[in-house]
Amino acid sequence: MKENKGRWIAAGVVAMVVGLATSYATAMVLTIRESPVVAVAELIIQITPGAIAERLIRLVGQLDKPLLILGILLFLLAMGAAAGVLSRRSTVKPLLIWLVLAALGSGAVLLQPGANVVDVLPVLVGFVTWVAVLPALTKPLLAERHHPELASRERRVFLMVAGALGVAAIGIAGAGRVLGRGRRHVAESRRLLRLDGVTRPMAPANTSIGLPGLFPWQTPNDDFYLIHTAIAVPTIEPKDWTLRIHGLVDRELTLTYNDLVERELTESWITLNCVSNEVGGDLVGNAWWSGIRIADILAEVGLDPSADCILQTSEDGWNCATPLSALTDDRDAMLAVAMNGKPLPIEHGFPVRTIVPGLYGYVSATKWVVDYEVTRFSGVSAFWTDRGWSEEGPVKIASRIDVPRSGADVSAGEVNVGGLAWAQHTGIASVEVAVDGGEWQPAELAQTPSIDTWVQWALTVQLEPGDHELRVRATDKDGLEQTGVRRDVLPDGATGWHTIQVSADD
Ligand SMILES: Nc1nc2c(c(=O)[nH]1)N[C@H]1C(S)=C(S)[C@@H](COP(=O)(O)O)O[C@H]1N2
Ligand SMILES: [Mo]
């Protein structure tokens with residue numbers, strides 16, 4: 001029997017279009033990013049060799065990006081058509097097409113600066129749509145194959161389903177655009193925001209120990225680790241933001257964004273840590289923060305002597321309790337409005353977050369913060385402490401080997417070893433490395449502007465040919481030596497020496 005391929009192609013193309021629409025709508029509503037198709041276009045631009053890209057751009061001028069996206073869309077429609085044709089004989093083969101495309105999309109999304117797992121959701125939604133829609137469309141076509149006598153009825157069913165889905169796709173994409181407009185507008189507000197007094201210094205030169213391959217002392221915003229429970233990142237316009245300070249205070253205060261940024265600004269280098277950072281892990285970053293000292297604001301509202309903490313709440317309902325002592329002593333605990341000289345990135349808490357040197361983020365660094373309740377630890381419960389994490393969260397002393405990487409092959413003889421060490425708000429006094437459990441050898445330390453940042457360290461060790469184990473430990477400025485006892489991140493941060501294996505060749 002001669003079958004009309006056209007409708008199978010149409011089925012695949014419609015499934016593709018509906019999937020692109022749901023994926024686009026998800027990106028608009030849940031994320032602050034463009035659709036995955038744009039991520040793929042950006043990846044292609046990135047990996048296209050410069051000379052070719054230049055020639056192409058000269059050829060098509062300003063149209064390079066729209067043309068690239070059009071090309072990707074045409075390619076996707078062709079893939080949809082192929083999936084439709086393949087579904088005549090197989091249910092697995094079209095699935096493979098969807099899988100490969102979803103993998104490519106996820107890869108492109110995750111390679112974007114500052115990408116988060118949530119940013120993959122649009123790809124996932126598109127994939128599920130493809131998988132669900134294609135069989136719905138091919139069902140009448142299959143029915144027609146088995147019951148030729150019903151052909152004209154099934155043909156009508158097919159046309160109706162395809163038409164309805166096409167219309168739905170337009171509706172979904174349009175609705176996503178409208179719903180997502182508010183979110184996207186915040187990105188624009190942030191871009192246009194000018195913050196008087198926010199400076200953007202270079203990392204002081206003496207903070208670098210000068211060993212190639214080390215992580216930079218200053219972490220760029222795009223590389224800064226991200227931890228939050230919110231699925232859709234809160235998007236708050238500065239003009240709509242307020243912080244209510246209440247509870248055990250003499251005078252309740254509600255600050256607007258302008259009230260806040262009109263105050264005197266404090267700026268400092270502060271390293272932020274996640275309590276979930278494993279030994280040797282990278283959930284830690286160092287930035288130049290600009291904000292308003294919390295201690296000054298608390299002095300204004302007047303604290304009841306019985307209070308011992310502030311229950312901080314963010315716009316998305318996440319909360320944590322922070323000891324008042326850390327908010328009122330001489331450290332630079334601040335309501336931060338800028339990170340590395342730029343308004344806070346949306347994912348990092350725009351427009352205002354708390355930063356407290358020396359405390360893990362889960363007990364202090366509330367992003368999108370909107371409420372401070374001055375209260376007592378005995379009466380509060382907060383997101384992570386309800387889940388078994390410790391009420392107190394001072395950062396533990398830690399050190400990490402970044403060069404060489406664990407498992408690396410190095411040349412025997414003199415080998416440069418280096419990394420980072422931190423003990424925020426106490427400071428690092430010394431770092432030592434031991435080879436194969438031998439004597440601890442002192443490393444050289446770079447400088448730091450304060451005790452609130454990590455420090456780069458390096459030394460040269462002698463390695464005989466063969467396999468070796470390197471470990472590092474630090475000592476803080478109070479004389480506390482980092483313990484070698486291995487402890488899990490739960491309930492109050494990991495301990496233990498970072499230990500790596502290297503192999504030295506002749
Ligand atoms: N609103 C909100 N703020 C939050 C969190 C969160 O889940 N929601 N996570 C905290 C944790 S556990 C850490 S380690 C830091 C991480 O900050 P970053 O994502 O800017 O690196 O934010 C803190 N602030
Ligand atoms: Mo964290």
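Counting starts at 1 for both ligands and their atoms, following the listed order.
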Looking at Lys477, I want to see if its NZ is surrounded by more than 12 non-hydrogen atoms of other residues, nucleotides or ligands under 6.0 Å. yes

For Phe224, the ligand 1 atoms with a heavy-atom partner under 4.0 Å come out as 21 (O)

Under 3.5 Å between some N or O of ligand 1 and some N or O of Lys367? yes

Which ligand 1 atoms are under 4.0 Å away from a heavy-atom of Cys274? 14 (S)

Check step by step if side-chain hydrogen bond (donor to acceptor under 3.5 Å, both in side chains) holds for Glu267 and Ser290. CA-CA 4 Å; Glu267 299 191 289; Ser290 316; 2.7 Å; yes

The atoms of ligand 1 lying under 4.0 Å from a heavy atom of Ser314, numbered in the order shown, are 1 (N)

Return yes or no for this condition: an N or O of Ala365 is under 3.5 Å from an N or O of ligand 1. yes

If you count the atoms of ligand 1 from 1 in the order shown, which ones are under 4.0 Å from a heavy atom of Asp316? 1 (N)

Answer yes or no for Ala230: is there a heavy-atom contact with ligand 1 below 4.0 Å? no

Checking a contact table here: which protein heavy atom is nearest atom 21 (O) of ligand 1, and how many Å away? Tyr225 O, 2.6 Å

Counting only heavy atoms closer than 4.0 Å, does ligand 1 sit against the backbone of Leu272, its side chain, both, or neither? side chain

How close does the nearest protein non-hydrogen atom get to atom 2 (C) of ligand 1, and which residue and atom is it? Trp318 CE3, 3.4 Å

Using 30° and 60° as the class boundaries, would you call the ring planes of Trp98 and Trp130 parallel, tilted or perpendicular? parallel

Below 3.5 angstrom, do we get any N/O pair linking Asn273 and ligand 1? no

Check contact between Arg353 and ligand 1, using heavy atoms of the residue and a distance below 4.0 angstrom. yes

Does Arg387 make a cation-pi contact with Tyr362 (under 6.0 Å, within 45 degrees of the axis)? no

Classify the ring geometry of Phe383 against Trp318: parallel below 30°, tilted from 30° to 60°, perpendicular beyond 60°. tilted

Please say whether more than 12 non-hydrogen atoms of neighbouring residues, nucleotides or ligands are located less than 6.0 Å from CZ in Arg177. no

Apply side-chain hydrogen bond (donor to acceptor under 3.5 Å, both in side chains) to residues Asp332 and Ser268 and explain how you reach the verdict. CA-CA 7 Å; Asp332 280 324; Ser268 48; 3.3 Å; yes

Within the supplied structure, the quantity of interest is the number of heavy atoms (other residues, nucleotides, ligands) at a distance under 6.0 Å from Glu300 CD; does it exceed 12? yes

Between Ile227 and ligand 1, does any nitrogen or oxygen pair lie at a separation below 3.5 Å? yes

Is the closest N or O pair between Thr229 and ligand 1 shorter than 3.5 Å? yes

Would one find more than 12 heavy atoms of other residues, nucleotides or ligands at under 6.0 Å from atom CG of Asp409? yes

Under a 4.0 angstrom heavy-atom cut-off, which atoms of ligand 1 come close to Leu226? 19 (O)

Tyr360, portion touching ligand 1 at heavy-atom distance under 4.0 Å: neither

Have a look at Ser399 and tell me which of Gln482, Arg473, His498 forms a side-chain hydrogen bond (donor to acceptor under 3.5 Å, both in side chains) with it. Gln482

If you draw a 6.0 Å radius around CG in Leu99, do more than 12 non-hydrogen atoms from other residues or ligands fall strictly inside? yes

Is any N or O atom of Tyr362, backbone or side chain, closer than 3.5 Å to an N or O atom of ligand 1? no

